[in-house]
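If you read the sequence from its start, that first residue is 1, and numbering goes on from there. Side chains included, hydrogens not; waters and symmetry mates left out as well; all remaining heavy atoms used.
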Amino acid sequence: MINYGELENRRKELRSSFMNSTPVPHLVMDNFLEASVAEQCRKAFPSLGEMDKLGDYRQRKAQDPAIGKFHPIFSDVIFQHLHSKRLIKLLQYISGVRDLIPDPELYASGLAQGGDGSH
C-alpha cells in the first residue's frame, strides 16, 4: 500500500528536505501510497454528510476518528501501514525525532475534510 521501497531509497533526500524546510520543518512525499490504493481511497472517501462535524471559532470541518464505520481500506492504510514499525522507523530517521509512537485512539485525527466555508 505504501511505496516503502521508493521512500526508503529516498530517505536521505527526504530527511534533508524536512530539515531544511521553512518556516517550520515539514515534508511533502509524492507517491506515498501506491496509485491504485490512493484511487481506491478517493472513491471510498465518505461524503461530508457521513462524517461528524466540528464547528467552533477554531475550526469548521468534517472530521471522524471512527474509522471502522467507513470502507475497510481506511483501517488497512492507517492501522496496518501508517502505524507500522517500518514507517515509524523511516519517519524517525527523516524527522530526527526518536521514540515516535502511533496513536491507536486517533485522537484529533481520522478522516477529515472541509466544504465551502471550512477552516
Side-chain angles (χ1 to χ4, degrees):
M1 285 195 179
I2 292 177
N3 283 324
Y4 289 110
E6 179 179 336
L7 297 174
E8 289 164 344
N9 288 337
R10 296 178 46 221
R11 69 183 178 277
K12 289 181 182 178
E13 169 195 338
L14 295 171
R15 180 180 171 94
S16 176
S17 180
F18 178 82
M19 295 297 184
N20 295 305
S21 59
T22 60
V24 296
H26 67 279
L27 182 64
V28 175
M29 288 193 254
D30 292 329
N31 302 313
F32 179 78
L33 291 176
E34 295 170 354
S36 62
V37 174
E39 179 62 15
Q40 189 176 354
C41 289
R42 186 195 66 77
K43 287 181 178 179
F45 207 86
S47 69
L48 284 167
E50 295 174 276
M51 298 176 72
D52 289 344
K53 308 295 183 300
L54 299 173
D56 57 35
Y57 70 94
R58 296 176 300 138
Q59 58 195 354
R60 184 168 318 282
K61 63 181 178 179
Q63 178 177 323
D64 207 323
I67 299 301
K69 74 182 192 183
F70 301 115
H71 191 285
I73 188 68
F74 299 109
S75 291
D76 290 349
V77 168
I78 292 169
F79 294 114
Q80 292 179 28
H81 295 278
L82 295 180
H83 285 189
S84 73
K85 288 180 183 180
R86 187 174 181 183
L87 182 62
I88 297 298
K89 182 179 177 182
L90 178 63
L91 293 175
Q92 287 178 153
Y93 174 80
I94 290 169
S95 69
V97 176
R98 296 292 169 229
D99 302 321
L100 288 177
I101 56 171
D103 177 10
E105 302 299 321
L106 300 181
Y107 177 76
S109 63
L111 301 183
Q113 64 178 311
D116 291 343
S118 65
H119 57 87

Kindly compute the distance separating [atom1] ([X]) from [atom2] ([Y]), expressed to the nearest 0.5 Å.
X: E34; Y: Y4; atom1: CD; atom2: OH; result: 10.0 Å
X: L111; Y: I78; atom1: CG; atom2: CD1; result: 5.5 Å
X: R10; Y: L90; atom1: CZ; atom2: CG; result: 10.5 Å
X: N31; Y: I2; atom1: CG; atom2: CD1; result: 13.0 Å

On a heavy-atom basis, which atom in [X] and which in [Y] lie closest, and how many Å separate them?
X: Y93; Y: R98; answer: N-NH1, 3.9 Å
X: Q92; Y: R15; answer: O-NH1, 4.5 Å
X: I73; Y: A44; answer: CG2-CB, 4.3 Å
X: G110; Y: I67; answer: CA-CD1, 3.9 Å
X: D76; Y: M1; answer: CB-CE, 3.6 Å
X: I94; Y: M19; answer: O-CE, 3.7 Å

Between S84 and H81 (side chain of the first, backbone of the second, donor and acceptor by atom type, cut-off under 3.5 Å), is there such a pair?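 Yes; judged by distance alone, with no hydrogens or angles, the pair exists.
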
Would you say S21's side chain and F18's backbone share a donor-acceptor pair under 3.5 angstrom?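 Yes.
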
May I have the step-by-step check of salt bridge (Lys or Arg N to Asp or Glu O under 4.0 Å) for R42 and E39, ending in yes or no? CA-CA 5 Å; R42 186 195 66 77; E39 179 62 15; 2.6 Å; yes

Would you check if [X] and [Y] make a side-chain contact, meaning some heavy-atom pair closer than 4.5 Å?
X: F32; Y: L27; value: no
X: P46; Y: D64; value: no
X: H83; Y: I88; value: no
X: H71; Y: K43; value: no
X: V97; Y: L91; value: no
X: N3; Y: L33; value: no

Please determine whether salt bridge (Lys or Arg N to Asp or Glu O under 4.0 Å) holds for the pair K69 and E50, giving the CA-CA distance in whole Å, both sets of side-chain angles, and the decisive distance to 0.1 Å. CA-CA 10 Å; K69 74 182 192 183; E50 295 174 276; over 6 Å; no

Check whether more than 12 heavy atoms from other residues, nucleotides or ligands sit under 6.0 Å from atom NZ of K89, and answer yes or no.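 Not buried by this count: 12 neighbours or fewer within 6.0 Å.
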
Evaluate the side chain to side chain contact (heavy atoms under 4.5 Å, CB included) criterion for residues R86 and E8: first the C-alpha distance (whole Å), next the side-chain angles of each, then the deciding distance (0.1 Å), finally the verdict. CA-CA 10 Å; R86 187 174 181 183; E8 289 164 344; 2.7 Å; yes

